[in-house]
Amino acid sequence: MSFPTDLEIAESANILPIKKIAEKLGIIEDDLEYYGKYKAKIPLQYIDEEKSKKAKLILVTAINPTPAGEGKTTVSVGLNDGLNKIGKKSIAVLREPSLGPVFGVKGGAAGGGYAQLIPMVDINLHFTGDFSAIEKANNLLSAMIDNNLQNKKFSLNIDPRTIVWKRVMDMNDRSLRNIVIGLGGLNNGITREEGFNITPASEVMAILCLSKDFEDLKKRLGNIFVGYTFDKKPIFARDLKAENAMAILLKDAIKPNLVQTLEGNPAILHGGPFANIAQGTNTIIATKMGLSLADYVVTEAGFGADLGAEKFLHIKCHYGKMKPDAYVIVATIRALRYQGGAKKGEYENPNLPFLKNGFGNLAKHIENGFKFGFKPIVAINHFATDSLEEINYIIDECEKLGVKAILADEFTKGGAGMTELAEEVVRCAEFYGNDFKPLYQVEDSVEHKIDTIAKEVYGAESVVYSQKAKNQLKTIYDLGFDKVPICMAKTQKSLTDDETKLGRPTNFKIRVREFEFAAGAGFIIPILGDIMRMPGLPNIPAAEGMFIDKDGKITGLS
């Protein structure tokens, strides 16, 4: 007998009207802004700074994943259900999915099995329109830039060769990375080179995620760096008088979205940057909202801890003035086999030698957790192909490192399979004495901050810069944009910038190919190795396996 698909499980769920979920959190029904019966936006008035300081923040991160991911969101949803099952008032605060992975290879971001968020199809598609609003705000600025280039009467004298602002689209489309626009004659704009990023990599997405309120959002939008004039004067979005119009497009997107788990427990989804090319965390506003409404907040940081957790701790915690109370590392046995050398088709089968070879990857992430001031908990996200021998090996090896590894069985059992992990998380938050400390200070030099991440978090021996990166770094210093956190753009598949180097590599160098910087969001983006901020589709995209019938029934979407 085959296990039901995520969609079949979601469709059979006893989904509650969203007002019932709001009641559990003390939200007045009339305050909700409804998007149908099962999803709604929460007004910002429910954020209470004093209450938020008393709640416990649980950060869920992971080892370096296989291409399909390791179920970090599934574990986060299941942990939230487990905490509620043991009597804690808990809420999951997670990111919204991007259409790129949905139609590409990784799938959506609503969890899976019996630990998922509903309405799953809505969440994985257009949801409440936040991504569309972000995309439109980003591209409005692009349109205003190109309009000003064409404008003879009110021109800002922008040099089109210096424009760094790119358009965005929420789809994997490699052909848009580098394009030429303005072809077709005098009435069609100024011809220039342009490019697209995927929407999760937009600085507007980053600004939404790091703003503390609407006024802060508008100020950050105005601070977006666009390029230079012909006489070398920097131009910002505020010079184009774009920030108010951009903020108008985001007036609803800034409000967090309320949904539920299959077990009727509350969840907030808000913001959706990727951790390999952006900061990889949900919004500060959503996290503060969760901390104001519940006693425990389960949140995640994208991809492996070398990316998502590092950025959560150095970027989000810096701007949000928050610190986690517990640190959970999700590991799957299949990913450890993959990190140990198993090829596609091999890492789904029990193999202790591969697991042993790959365990160093988990050990490095555990070590990094201690560096940040945490005693981590390892959640072994259980798959049917895991052998008892492999599970016991991880538990024993983790014990030698001074941490507890617990089997997470949320996929097939929901919250009931997560109570042991939930109880340990409560002990961790209450008694472990976690005390987060950043590895660098924002006042440090850019090179020192990059060096610290590369050596302490990745395990590199040194950092090398291309000549292009050196030139761009000089620009960052000249503009005074250096006293901000670092947001590395790096492959998620390896601790290095080379996705083929698996496990726990040593004696490697980190290569900074070029820099981008987000003056409005407030971070610098070193682009490492071959990583791209506009992904491409795989040879066989998930889109090919999707079907919708005449009655609107969908199959193949997860």
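Nothing fancy with the numbering, it's 1 onward along the sequence. Keep in mind that this is a model prediction, so the values were computed, not measured.
Using modelled atom types and a 3.5 Å distance limit, the side chains of Ser202 and Asn138 yield a donor-acceptor pair. A donor-acceptor pair shorter than 3.5 Å cannot be found between the side chains of Asp498 and Thr496. Judged by distance alone, the side chains of Lys493 and Asn64 never bring a donor and an acceptor atom under 3.5 Å apart. Remark: the Ser466 side chain and the Glu514 side chain contain no N/O donor-acceptor pair separated by less than 3.5 Å. Side-chain contact of Ser90 with Asn265: a donor-acceptor pair under 3.5 Å is absent, judged by distance alone.
For Tyr440, the ring pair (Phe, Tyr, Trp, His ring centres under 6.0 Å) criterion is met by His314, not counting sequence neighbours. Tyr114 is linked by a ring pair (Phe, Tyr, Trp, His ring centres under 6.0 Å) to Phe3, counting only residues two or more places apart in sequence or in another chain.
Using cut-offs of 30° and 60° on the angle between ring planes, the pair Phe517 and Phe225 is tilted. Note on ring orientation: taking the six-membered ring where Trp is involved, the planes of Phe374 and Tyr327 are parallel (angle under 30°, cut-offs 30° and 60°).
The only member of Arg220, Lys212, Lys219 that meets salt bridge (charged side-chain N to carboxylate O under 4.0 Å, His left out) when paired with Asp216 is Arg220. For the salt bridge (charged side-chain N to carboxylate O under 4.0 Å, His left out) with Asp130, the qualifying choice from Lys41, Lys255, Lys136, Arg95 is Lys41, the only one to do so.
In this structure, Met246 and Ile224 approach most closely via the heavy-atom pair CE-CD1, 3.9 Å.
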